[in-house]
Protein chains: 2
Amino acid sequence: MAKTPVRTRRSGSQLSPEAIIEASLRIAARGSQDAFTVRRLGEELGADPTAIYRHFRDKDELLLSVADRAYGEVLEGIPDGLGWKDRLRALANGSLRVALKYPAVASITASRTTRRINEFRIVELILGAVTEAGLDGADAALYYRAVADALLAYVGQSAAYVLFAPEIRAGDESSWAREYRMVDPGRFPGIARLGTELAQVSAEAVFDVRVEALIAAIEARAASLPEDATRT
Amino acid sequence: MAKTPVRTRRSGSQLSPEAIIEASLRIAARGSQDAFTVRRLGEELGADPTAIYRHFRDKDELLLSVADRAYGEVLEGIPDGLGWKDRLRALANGSLRVALKYPAVASITASRTTRRINEFRIVELILGAVTEAGLDGADAALYYRAVADALLAYVGQSAAYVLFAPEIRAGDESSWAREYRMVDPGRFPGIARLGTELAQVSAEAVFDVRVEALIAAIEARAASLPEDATRT
DNA sequence: ACCTGAACACCGTTCAAGT
DNA sequence: ACCTGAACACCGTTCAAGT
């Protein structure tokens with residue numbers, strides 16, 4: 001029984017890069033209950049697992065293409081007409097949303113460059129925001145990188161976390177309520193005093209603090225520049 | 001030929017958790033040229049690969065123990081007597097240094113909790129810093145989490161990056177000089193205008209911006225509180 | 001031109017057998 | 001009480017063979 005393929009699309013077997021990317025996203029959307037492997041991909045496509053090597057050099061090239069498709073989903077969710085701060089907030093929130101939708105992709109992509117069209121669009125969006133904030137030249141480049149790398153790191157971290165096996169996650173989550181509540185108050189006074197508050201912090205609030213810290217840093221840098229920085 | 005084990009410590013084979021952790025750190029310190037696998041660990045110890053299961057439940061439990069040992073190295077590098085800002089800077093710089101020393105460990109630990117002694121000490125250090133900055137209660141807990149998660153995300157991202165195969169890294173690094181220089185200036189004016197500056201941003205400068213943004217956020221939050229926040 | 005399937009060189013982990 | 005080694009259920013990828 002247990003071996004019948006999910007979708008039997010054999011014989012014809014007309015594969016294409018698009019079909020493979022879409023199948024990858026379907027698998028990635030299943031989160032921790034379905035690993036994103038070449039063999040699983042073959043099953044999902046109703047083809048031999050190695051058939052994808054006819055359309056992508058290796059799994060890494062496929063991954064970058066899939067990630068760029070996910071970037072496209074992020075961009076679709078960002079409305080027009082926002083000021084630079086709200087544009088960055090929309091980018092951050094959208095990135096987190098899409099990363100949690102496809103955690104297997106987001107967790108691997110966190111330190112990668114897709115060098116594809118939607119990444120270009122996101123780079124342009126961030127550059128536009130820091131420029132609108134009043135930065136230019138080396139400053140704009142530096143703060144662009146800080147924002148881009150930080151966002152990738154944040155959402156990649158969140159994605160990796162939801163991918164952990166449930167037992168591991170349960171252990172990590174309960175640690176504030178267990179191990180951290182049993183520390184010696186003499187040796188760890190801060191932990192003992194703030195144990196309750198530490199257990200109650202929400203991931204959303206932490207994410208907000210981190211995003212707002214970046215926005216404030218851009219604003220502070222722009223404010224520290226000489227007035228004549230009103231570029232043409 | 002090619003099969004002689006690196007260190008033959010057989011027959012006696014007196015393994016211990018400490019010896020296994022130290023062998024793990026030696027392997028992890030070899031970075032991308034030597035994967036941190038159970039089989040490699042057996043070779044390093046001059047024992048059968050599966051012998052470690054007599055001392056650790058599974059690879060994950062070993063990893064957390066190894067990570068906590070690495071946290072100890074971070075703490076050793078932080079001098080006494082620093083103010084809260086310099087303490088956080090020393091923690092950030094030390095974390096990055098140790099993460100790049102043992103990238104295989106740091107890249108996996110970025111979204112984990114070791115629940116071991118040195119993690120407690122780092123939590124206490126950060127809590128002490130935000131308290132000294134003037135935060136308390138839910139605020140202290142929230143900004144603790146923002147700092148801790150951000151640091152883990154930053155150094156984990158950096159560690160994952162140096163672990164990539166050289167070809168992949170070369171492709172990512174050259175992208176600013178190649179793909180990003182060939183974009184259509186009409187469609188991506190920001191990229192076209194700042195291409196040179198983007199290629200020149202250093203990873204250290206980006207890291208600094210991110211760390212200083214966190215410190216400034218703590219300071220701003222503390223400054224926004226009513227005066228009477230001079231706790232007992 | 002594209003797909004198949006056996007095969008290779010890897011993983012982490014279990015378990016019966018040794019000492 | 002601890003270590004060994006065969007074995008299992010996985011990985012990504014190559015390549016000769018099919019159509």
Side-chain angles (χ1 to χ4, degrees), chain A residues 2-3 5 7-21 23-24 27-28 30 32-66 104-105 107-109 112 163-165 167-168, chain B residues 1-3 5 7-21 23-24 27-28 30 32-66 104-105 107-109 112 163-168:
Chain A
K3 259 301 186 154
R7 286 152 198 255
T8 317
R9 198 185 296 172
R10 276 197 202 251
S11 79
S13 253
Q14 63 328 15
L15 291 187
S16 68
E18 286 70 32
I20 294 171
I21 291 171
S24 300
I27 294 170
R30 288 182 209 133
S32 60
Q33 57 187 318
D34 213 343
F36 176 32
T37 68
V38 172
R39 279 170 175 81
R40 196 102 196 92
L41 193 48
E43 236 177 272
E44 181 75 20
L45 289 163
D48 190 275
T50 67
I52 67 151
Y53 289 92
R54 239 51 54 195
H55 298 90
F56 295 93
R57 183 163 19 90
D58 52 24
K59 201 192 174 188
D60 191 66
E61 201 209 332
L62 168 61
L63 177 76
L64 294 182
S65 299
V66 172
V105 174
S107 66
I108 311 180
T109 318
R112 302 303 306 284
L163 273 187
F164 282 125
E167 323 90 65
I168 291 183
Chain B
M1 286 206 65
K3 260 300 185 147
R7 287 150 197 255
T8 318
R9 199 184 296 170
R10 278 196 201 250
S11 79
S13 253
Q14 61 333 11
L15 290 187
S16 67
E18 285 70 33
I20 295 172
I21 290 171
S24 301
I27 295 170
R30 289 182 209 132
S32 60
Q33 59 189 316
D34 213 342
F36 176 31
T37 68
V38 172
R39 279 169 175 82
R40 196 104 195 89
L41 194 46
E43 234 176 275
E44 180 76 19
L45 288 162
D48 190 274
T50 66
I52 67 152
Y53 289 92
R54 240 50 54 194
H55 299 91
F56 295 93
R57 184 164 16 92
D58 52 23
K59 200 191 175 188
D60 190 66
E61 201 208 333
L62 168 61
L63 177 76
L64 294 183
S65 299
V66 173
V105 174
S107 66
I108 312 181
T109 319
R112 302 302 306 285
L163 273 186
F164 282 126
E167 324 88 67
I168 291 183

Checking base pairs now: Watson-Crick or wobble, both atom distances under 3.5 Å. What partners dC8(D)? dG12(C)
To the nearest 0.5 Å, what is the distance between OH on Y53(A) and CD1 on I20(A)? 11.0 Å
Rounded to whole angstrom units, what separation is found between the CZ atom of F56(A) and the P atom of dT13(D)? 13 Å
Taking CG from L15(B) and C1' from dA1(D), how many angstroms apart are they, rounded to a whole number? 13 Å
Rounded to whole angstrom units, what separation is found between the CZ atom of R39(B) and the C1' atom of dA6(D)? 11 Å
Backbone N or O of E61(B) within a donor-acceptor pair of the D58(B) side chain at under 3.5 Å? yes
Both distances under 3.5 Å, Watson-Crick or G-U wobble: report the partner of dC2(C), or none. dG18(D)
Closest to the 5' end of DNA chain D, once Y53(A) and I52(B) are matched to their nearest nucleotides, is I52(B)
From CZ of F36(B) across to P of dC11(C) the rounded distance in Å is 12 Å
Can you tell me the distance, in whole Å, between the CD atom of E43(B) and the P atom of dG12(C)? 13 Å
Are L15(A) and R54(A) close enough, and set up right, to give a side chain to side chain contact (heavy atoms under 4.5 Å, CB included), and what steps lead you there? CA-CA 9 Å; L15(A) 291 187; R54(A) 239 51 54 195; over 6 Å; no
Rounded to whole angstrom units, what separation is found between the CZ atom of R57(A) and the P atom of dG12(D)? 17 Å
So, OP1 or OP2 of dT13(D): does either fall under 4.0 Å of a side-chain N or O from T50(A)? no
dT13(C) P sits how many Å from H55(B) NE2, rounded? 16 Å
Taking the side chain of R54(B) as its heavy atoms from C-beta onward, which of dT4(D), dC3(C), dT13(C) lies nearest to it? dT4(D)
Take F56(A) and L64(A), measure what side chain to side chain contact (heavy atoms under 4.5 Å, CB included) needs, and give me the verdict at the end. CA-CA 10 Å; F56(A) 295 93; L64(A) 294 182; over 6 Å; no
Would R112(A) and T109(A) count as a side chain to side chain contact (heavy atoms under 4.5 Å, CB included) if you check the C-alpha gap in whole Å, the side-chain angles of each, and the deciding distance to 0.1 Å? CA-CA 5 Å; R112(A) 302 303 306 284; T109(A) 318; 4.2 Å; yes
Measure CD/E61(B) against C1'/dG12(C) and give the value in whole Å, please. 15 Å
Residue K59(B), side-chain atoms from C-beta onward, closest of dT4(C), dG12(C), dG5(D): dG12(C)
